[in-house]
2 protein chains.
Amino acid sequence: METFGGEKSRARIAYDWRGGPLARMIRQRLQAARLRPSRQRISLAGLLFVAGDRHVTAEQLHREAQALDMPLSLATVYNTLRQFVASGLIREVAVFGSTVWYDTNTGSHCHYFDEGRQRLEDIPSDLTRDLKIAAPPGYRIVGVDVIVRLRDDETLQ
Amino acid sequence: METFGGEKSRARIAYDWRGGPLARMIRQRLQAARLRPSRQRISLAGLLFVAGDRHVTAEQLHREAQALDMPLSLATVYNTLRQFVASGLIREVAVFGSTVWYDTNTGSHCHYFDEGRQRLEDIPSDLTRDLKIAAPPGYRIVGVDVIVRLRDDETLQ
DNA sequence: TCGCTTTTTAGAATTATTCAAAAAACCCGC
DNA sequence: GCGGGTTTTTTGAATAATTCTAAAAAGCGA
Ligand SMILES: [Mn+2]
Ligand SMILES: [Mn+2]
Ligand SMILES: [Zn+2]
Ligand SMILES: [Zn+2]
């Protein structure tokens with residue numbers, strides 16, 4: 001397994017992605033969002049944006065970061081995710097179970113949630129396009145969330 | 001404000017609803033769900049079902065019960081809501097913010113969530129009817145949740 | 001490099017929820 | 001009505017997710 005940035009693990013790095021095209025893209029996005037490109041933010045953005053759309057919880061992301069020897073704290077993961085949401089780089093998804101999910105796909109789309117494996121996934125076609133939603137008078141719509149909850153046939157008794 | 005059941009507040013009760021038609025309906029529902037009609041369950045079901053569809057959190061319901069001198073603990077509110085969900089009397093709704101909402105409307109329908117006032121409400125027409133949802137192979141759909149998040153024009157800066 | 005600002009961190013605090021064990025209430029046959 | 005087995009409720013502790021606080025570290029521009 002490759003390792004990512006951080007002073008103490010420098011020796012083990014196969015190659016440093018932090019000069020490559022992904023890092024450049026990330027720096028641009030952070031700059032556009034007026035967030036300093038700190039090492040932690042770049043590391044987390046790297047995890048989030050390296051491989052297409054992702055759906056993660058704060059804990060999951062922190063565990064990944066630790067597995068790759070990225071030196072950052074859980075508090076930073078929470079802070080950073082909150083900032084990324086605030087600046088539109090990612091978005092939150094509400095699911096049952098009191099854990100917030102973060103989604104790198106900020107476009108309009110809906111989700112499957114696999115209750116057995118606790119995994120969130122995009123639904124290929126954007127169902128919300130079929131919805132005729134109107135805001136009640138005096139209100140604006142700030143978001144529409146559609147979750148289709150699933151059980152796989154085994155888990156389903 | 002009228003007061004509901006409980007030994008110590010008996011003197012203050014204007015009239016005891018626990019013999020009336022609501023109580024009869026509730027007893028029937030509890031019986032159908034194979035839940036003993038304990039005083040606490042009847043009290044909570046009274047709050048939930050007395051006035052058409054409701055959307056509440058456990059804390060809200062507990063505060064209401066206390067305001068009406070119903071003698072019951074927060075743990076009982078949580079336990080009872082869980083039991084009511086398990087037996088289909090009410091259902092959960094997932095909303096942003098790590099708090100579970102409970103809905104007495106168990107039919108298929110969607111929700112507005114007022115982020116300013118933190119209130120959940122039914123959307124009159126069932127939008128999900130317009131959705132063409134398919135389960136991925138090997139899965140079954142166990143529920144579809146649609147939340148339309150709102151900000152009122154004042155709250156919206 | 002210096003000085004100022006922003007970010008990160010560890011750990012405590014908070015909030016929502018669940019759990020566990022004891023107490024209370026309920027039910028049923030006598 | 002009364003005891004005995006069962007269910008329910010309660011209290012208080014435990015857990016999990018998240019936020020807060022204050023101090024340390026890092027980043028940035030001159
Ligand atoms: Mn999380
Ligand atoms: Mn609640
Ligand atoms: Zn998504
Ligand atoms: Zn509803």
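Residue numbers start from 1 in every chain, and the chains themselves are labelled A, B, ... in the order their sequence lines are given, proteins ahead of strands.
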Check: Any sub-3.5 Å donor-acceptor pair from A:R91's side-chain atoms to A:V85's backbone N or O?
Finding: no

Checklist line | Integer-rounded Å distance: C:dT15 P and B:Q118 CD | finding: 14 Å

Margin query: Closer than 4.0 angstrom, basic N to acidic O: yes or no for B:R149 and A:D145?
Written below: yes

Notebook entry, point to check: What's the CD-C1' distance between A:Q40 and D:dA25, to the nearest Å?
Noted result: 9 Å

Next item on the list: By nearest nucleotide on DNA chain C, pick out whichever of B:R36 and B:N79 is the more 5' one.
Entry: B:N79

Notebook entry, point to check: If you measure from the Lys or Arg side-chain nitrogens to the Asp or Glu carboxylate oxygens, is any gap between B:R54 and B:E64 under 4.0 Å?
Noted result: yes

Notebook entry, point to check: Considering only side-chain heavy atoms of A:A75, which listed nucleotide, D:dT10, D:dC20, C:dC27, is closest?
Noted result: D:dC20

Next item on the list: Indicate whether any N or O donor in one side chain lies under 3.5 Å from an N or O acceptor in the other, for A:H109 and A:D103.
Entry: yes

Notebook entry, point to check: If only side-chain N and O atoms of B:Y78 are considered, is one of them under 4.0 Å from the OP1 or OP2 phosphate oxygen of C:dT18?
Noted result: no

Next item on the list: Could you tell me the separation between the CZ atom of A:R41 and the P atom of D:dA26, rounded to a whole number of Å?
Entry: 15 Å

Margin query: If I take atom CG in residue A:L72 and atom C1' in nucleotide D:dG27, what distance separates them, rounded to the nearest angstrom?
Written below: 17 Å

Margin query: With nearest nucleotide decided by heavy atoms, which residue, B:R34 or B:L74, maps closer to the 5′ end of DNA chain D?
Written below: B:R34

Checklist line | Euclidean distance, atom CZ of residue A:F96 to atom C1' of C:dT18 [Å, nearest integer] | finding: 18 Å

Notebook entry, point to check: Reckon A:R39 has a side-chain N or O less than 4.0 Å from the OP1 or OP2 of D:dA26?
Noted result: no

Checklist line | Closest to side chain of B:T80, choosing from D:dT9, D:dT10, C:dT8 | finding: D:dT9

Note to self: So, does A:R82 get its side chain near the phosphate of D:dT19, meaning an N or O under 4.0 Å from OP1 or OP2?
What the structure shows: yes

Next item on the list: With heavy atoms under 4.0 Å as the rule, sort A:S38 into base, sugar-phosphate or nothing.
Entry: sugar-phosphate

Notebook entry, point to check: Between C:dT7 atom P and A:L81 atom CG, what is the distance in whole Å?
Noted result: 15 Å

Notebook entry, point to check: A:S73 has a side chain; which of C:dT8, C:dA10, C:dT18 sits nearest to it?
Noted result: C:dA10

Next item on the list: Taking atom types as modelled, find out whether B:S108 and B:T128 have a side-chain donor-acceptor pair closer than 3.5 angstrom.
Entry: yes

Note to self: Among D:dT9, D:dT18, C:dA10, which nucleotide has an atom closest to any side-chain atom of A:T99?
What the structure shows: D:dT18

Next item on the list: Provide, to the nearest angstrom, the distance between the CG atom belonging to A:L35 and the P atom belonging to D:dC28.
Entry: 12 Å

